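Reminder, nothing fancy here: chain letters follow the sequence lines and each chain counts from 1. Just so you know, these numbers use all the heavy atoms, side chains as well, and skip hydrogens, waters and symmetry mates. The model shown is predicted, which means the values in this text are computed figures rather than measured ones.
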Amino acid sequence: MRIGEASRISGASARSLRHYEDEGLIVPGRCGNGFRDYCRSTIERVLVIRSLLESGLPVRLIRELLPDAAEGSDVGTGAVGAEFLREVEGYRDRLAARIAVLREQQAALDAYLRQARRAETVRRGLPAGPDHARVAGGSATIDHDGTVARRRDRDPDGA
DNA sequence: ATTCTCACA
DNA sequence: TGTGAGGA
């Protein structure tokens, strides 16, 4: 079958199917007209790839886990090497590190929203609200207390 | 109507 | 991964 049907059956977009091929995860055949030809085993392989992807394994590791798409016929054995496990662990650790960073960013935004809402409430209750959110040139960061710390990239008039 | 490759506001 | 171009 061609990529269209393979896409419907596997649930992977034609784009993804071509991508998996570029990544060496699958090796569909080719018809005379150059169209890709997907056989049943390839479809099954795509299904496995998708589940693995959803499990969080990066393409690189999936490639190592699955038997060579080129030669072999059917799917995964159970022969996982110790080195492979270490790679997965490494990936998971890096993921954890990224999550930690994301948590900090989320905390910073939560803090910012709290102080921003507080400021909004205060403004309504007071005669005049002098300071508003000002966004000027340069970069800015939001601290854990919700404070927006701005800094000019370079002070034009300073020496 | 489908697919292919290539490139990216 | 999506999307569009330009061709088969």
Q: Give me the atom names and distance for the closest heavy-atom approach of A:L61 to A:V88.
A: CD1-CA, 4.0 Å
Q: Answer yes or no: is there a donor N or O on one side and an acceptor on the other, between the side chain of A:R45 and the main chain of A:I26, under 3.5 Å?
A: no
Q: If you compare all heavy atoms of A:C31 against all heavy atoms of A:D37, which two are closest, and at what distance to 0.1 Å?
A: SG-CB, 3.8 Å
Q: With a 4.0 Å limit, can you tell me whether A:S13 has a side-chain N or O closer than that to the phosphate oxygens OP1/OP2 of C:dT1?
A: no
Q: For the CZ atom on A:R103, are there more than 12 heavy atoms of other groups (residues, nucleotides or ligands in this structure) within a distance under 6.0 Å?
A: no
Q: Toward the 5' end of DNA chain B, which comes first, A:G4 or A:R15, by nearest nucleotide?
A: A:G4
Q: Within this structure, what is the CZ-to-P distance between A:R18 and C:dG4, rounded to whole angstrom?
A: 14 Å
Q: Using Watson-Crick or G-U wobble pairs with both distances under 3.5 Å, give me DNA chain C in dot-bracket, 5' to 3', with [ ] for crossers and | for pairs to another strand.
A: .|||||.|
Q: Any salt bridge linking A:R30 with A:E21? Criterion: basic side-chain nitrogen under 4.0 Å from a carboxylate oxygen.
A: yes
Q: Could you check if a side-chain atom of A:Y38 sits within less than 4.5 angstrom of a side-chain atom of A:L17, using non-hydrogen atoms only?
A: yes
Q: I need the minimum non-hydrogen distance between A:S7 and A:A14, along with the two atoms involved.
A: OG-N, 3.6 Å
Q: How would you give the extent of chain A contacts on DNA chain B, as first and last nucleotide 5' to 3' within a 4.0 Å heavy-atom cut-off?
A: B:dT2 to B:dT5
Q: Taking DNA chain C as the partner, which of residues 28-40 of chain A come within under 4.0 angstrom of it by heavy atom?
A: none
Q: Rounded to whole Å, please give me the gap between CD1 in A:I49 and C1' in C:dT1.
A: 16 Å
